[in-house]
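Remarks on the structure that follows.
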Amino acid sequence: MLNRIALILAALSWSLTSPCFAAPRTAASADADGHPWWEHAVFYELYPRSFADSNGDGIGDLNGITARLDYLRDLGVDAVWITPCYPSPQVDFGYDVSDYEAIDPMYGTLQDFDRLLREAKQRGIRIVMDFVNHTSDQHKWFLDSKSSRSAAHRDWYVWRDGKGQGAPPNNWLSLFGHSAWQWDERTQQYYYHFFYPQQPDLNWRNPAVETAMLDVTRWWYQRGVAGFRLDAVDTVFEDPALTDNPVLPGKNAYGDPRMHNVYNQKLPADNEVMQKLRGIADQYGAVLIGETNPVDVSELESYYGQGGKPGLQLPMDYLFTNVRTLSAAEYRKQIAAIDRTGHWPVYLISNHDVRRPVSRYGDGQHDDAIAKVLAGMYLTLRGTPILYYGEELGMANNDPTRREDVKDPIGRLGWPDQKGRDGERTPMQWSNAPNAGFSSGQPWLPVPASYKTHNVAAETADPDSVLQFYRRVLELRHTEKALLDGRYVPLNPDDAQVLSYLRRIDGEAVVVVLNMSGQRRHVRVDLATPGLANRAEILVSTLHGVHGPVDLAGFDLEPFGVLIGKVGRRASGRF
Ligand code: GLC
Ligand code: CA
C-alpha cells in the first residue's frame, strides 16, 4: 500500500514540478493502478531534421517541434523520443555525437530545449533522448585520444596494432561497410568503429568511460528528460582477445564477406551496462527503450533483466518490422511469442532505419487501408506502441533514384543494392503548401508527390483519412481499460488472412478483427466460449454504412478492413 502511495505521489510530482533541474524521484511514476507511466504511454519517434523547420534553412529544429506540440497532444502522444540533436558533424545525421551535453546549433540552443521541455510538460508530453554509445571522431575525447599514444584519453577508445603489412587487427567488419578498423597514420595504430570510421567506439572497459557516460544520463535527467532510447546497445563491448568472427558464404551489399558478429556484438557485458543505466533511470522515474535486435523471443527476454537485476523497461524487438509480407498468420505467431513471455512488449512498425510499412506492404491501390490495418493492430495490443512520425498520415518512403541524390552514406557506398535510409526520413507532411509546409526553404530531403493528399491539413478534413483513424484508435487506447491492460486472447487461430483477438479484463472486452488480405472476407467469430455476447458495439471500424452492433457470427470485411468493437458478457443482455 505504501508502495502504491509512493508511486502515485511520484506521478503527481511529474505533473507539478518544473521540468528543468527537477529533483530525482525515488520511484517510477505510476498511475492509480500501479502502472508505470511508460506502460500506458503512446510514444512518438521524431527525427528532428525532418519534423518542422522554424527558420527556413531546410532542416527541422527544436523550435519547430515546440510549435507543433498541440498537434502531438491532439493526436494522443504522451512521450516523444527525439533522435540525436546533440552537436554533431552529421556524418550519420546525429548518431556521431561530438558533445553529449549540448544542442547542435542547427537545432537550436539549450534554452530552446528547456522551453520545449516546459511546453511539452504543460501538454502532458514527456521528452526522451537518444543515448549513443560511440562518439564522433570530432569529439574532444577522440581528438585527444588520437593526438598521441600517451594522451590522457588514449584508452577511451579501442586502439590496437595491426597484423603487419597493412592487415588490420582482425576480420571484423563495420555494419556500414568494409573493415571495422581504421588506420591512424600519426600514432601508427588502428582504432575500432562498428559504424562509420567517423564514429569511433568508446572503450567501455575503461571505468572512466563508463563513469562519464553514466553521468551524461544524469545530466539530462536533471534537466527534466524522461528517459533514453539506447542506440545500438548491443554493440557496447567487444571480445578483448579480438577473436576473428566466423565468415559466412556470399557477399553483402558492400561487397564484403558476410559475417556472423559473434565477438563484437551481443556480448553479455552489454547487459551489465543496461542494468547500470537502469539503476540510474529508476532514481528519476525514467524509461529506457533499447535498440535491441534479438533474433528471437528468448534473446529479447534477457534485455528485460537477468539474474534478478532489472534491465530495460522497453527493449525493442523488431520482430514486427521483420515480417516481410503482410500476413495474419505471421503476425499472429509473433504476437503470441512476445505475449507468452509475460513481459511488457513494445511495438513499432517502422523507424528511421526501417522502410515505412506502406512501402513494404503497399500495392499502390490499398495503401491507406494497409496503414489502417497495421494501426488497428499495433495500437490495440498489450504493450507500448512507438509511432514513427508520419505513420499517422500513411506516409510512404520517398527513395532516391540516383546515387548522386543520396544523403545517407551507406546508400552511396552500397548503391544500388543498399539505397540507404533517406526514403524513410523525408520531411513531415503538414499541408499541401510548397515543401509540404515543412519549411519555407529547400528541405534537406525532397518530399514525395503524395504530400498533396497525405498531409495533416488534408487528412484532418477527411473523416476517412489515415490520420483520423489513428486519432480515433489512440483515443480508444487511452480510455478503454481492456485495451490498456486486458489480456491478449487470440481468436480463429487457423485463419491465414484475418487476424482476430480479444483484449479482456474483468468484465470488459474489446474484439479486434483485421483483414490482412487484399480480398473481401466473410468473418465468423465465436465469443460464446469465452463467455461473451457474440455482438460488438463498433468503437472504430472501416465498415461503411454499418452503425448498430455487428453480429460476429458472420460479417464481411473489405480488403484490409478493420473492426474494433466492444463486447459485453453473454448474460448481461447489454446488446
Ligand atoms: C542505430 C541508429 C542508426 C545509426 C546507428 C549508428 O542503429 O538507429 O540510425 O546509424 O545506430 O549510430
Ligand atoms: Ca531549421
Side-chain angles (χ1 to χ4, degrees), residues 45-68 81-86 88-98 100 103-109 112-113 116 128-137 139 174-177 180 192-202 228-236 261 264-266 270 289-294 315-316 318 321 348 350-355 386 388 407-414 418 420-425 427-428 430 435 437-445:
E45 179 196 350
L46 185 157
Y47 200 68
R49 287 183 79 82
S50 297
F51 193 63
D53 174 19
S54 71
N55 62 354
D57 64 358
I59 296 173
D61 43 54
L62 297 183
N63 288 340
I65 301 172
T66 305
R68 301 292 183 168
W81 148 36
I82 305 179
T83 65
C85 52
Y86 315 109
S88 161
Q90 303 287 321
V91 171
D92 193 17
F93 299 113
Y95 283 99
D96 45 326
V97 179
S98 53
Y100 286 109
I103 295 292
D104 195 297
M106 110 180 26
Y107 293 126
T109 63
D112 294 334
F113 183 80
L116 167 61
V128 169
M129 298 292 267
D130 219 303
F131 181 79
V132 188
N133 65 63
H134 45 261
T135 71
S136 157
D137 63 349
H139 194 291
S174 159
L175 187 73
F176 289 168
Y192 174 71
H193 56 92
F194 187 85
F195 297 99
Y196 295 124
Q198 295 88 340
Q199 294 168 295
D201 274 49
L202 282 163
F228 283 92
R229 174 264 191 183
L230 308 181
D231 178 65
V233 67
D234 59 4
T235 65
V236 171
N261 290 345
N264 59 340
Q265 209 174 355
K266 299 186 179 175
D270 295 341
I289 304 169
E291 194 203 7
T292 40
N293 208 347
M316 298 199 250
Y318 290 97
T321 57
L348 57 138
S350 74
N351 73 14
H352 65 286
D353 300 322
V354 177
R355 291 178 68 66
I386 305 181
Y388 183 46
K407 297 278 194 302
D408 182 8
I410 58 172
R412 291 202 297 272
L413 191 67
Q418 161 65 271
R421 299 162 290 179
D422 294 353
E424 54 262 28
R425 298 174 173 179
M428 176 71 176
W430 293 104
N435 305 321
F438 160 74
S439 172
S440 57
Q442 182 67 27
W444 76 287
L445 284 176

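Counting convention: from 1, in listed order, for ligands and their atoms alike.
Closest of all the heavy-atom pairs between D234 and D270 is O-OD2, 3.1 Å. For H134 against P200, the heavy-atom pair with the smallest separation is CB-O, 3.4 Å.
Remark: side-chain polar atoms of E45 are not paired, donor with acceptor, to backbone N or O of Y388 under 3.5 angstrom.
A donor-acceptor pair shorter than 3.5 Å cannot be found between the side chains of N63 and S54. If you check the side chains of D112 and T109, you find a donor sitting under 3.5 Å from an acceptor.
Under 4.0 Å is where a charged nitrogen must lie from a carboxylate oxygen, and between D104 and R49 no such pair does. Salt bridge status for K407 with D422: absent, with no side-chain N to carboxylate O gap under 4.0 Å.
Between F176 and H193, the ring centre distance reaches or exceeds 6.0 Å.
Every protein residue with a heavy atom nearer than 4.0 Å to ligand 1 is included here: D92, Y95, H134, F176, F195, Q199, R229, D231, E291, H352, D353, R421, R425.
Below the 3.0 Å limit, the Ca ion (ligand 2) has as protein N, O or S neighbours D53 OD1, N55 OD1, D57 OD1, I59 O, D61 OD2.
Classified by interplanar angle (parallel below 30°, tilted 30° to 60°, perpendicular above 60°), the ring pair F93/W444 is tilted.
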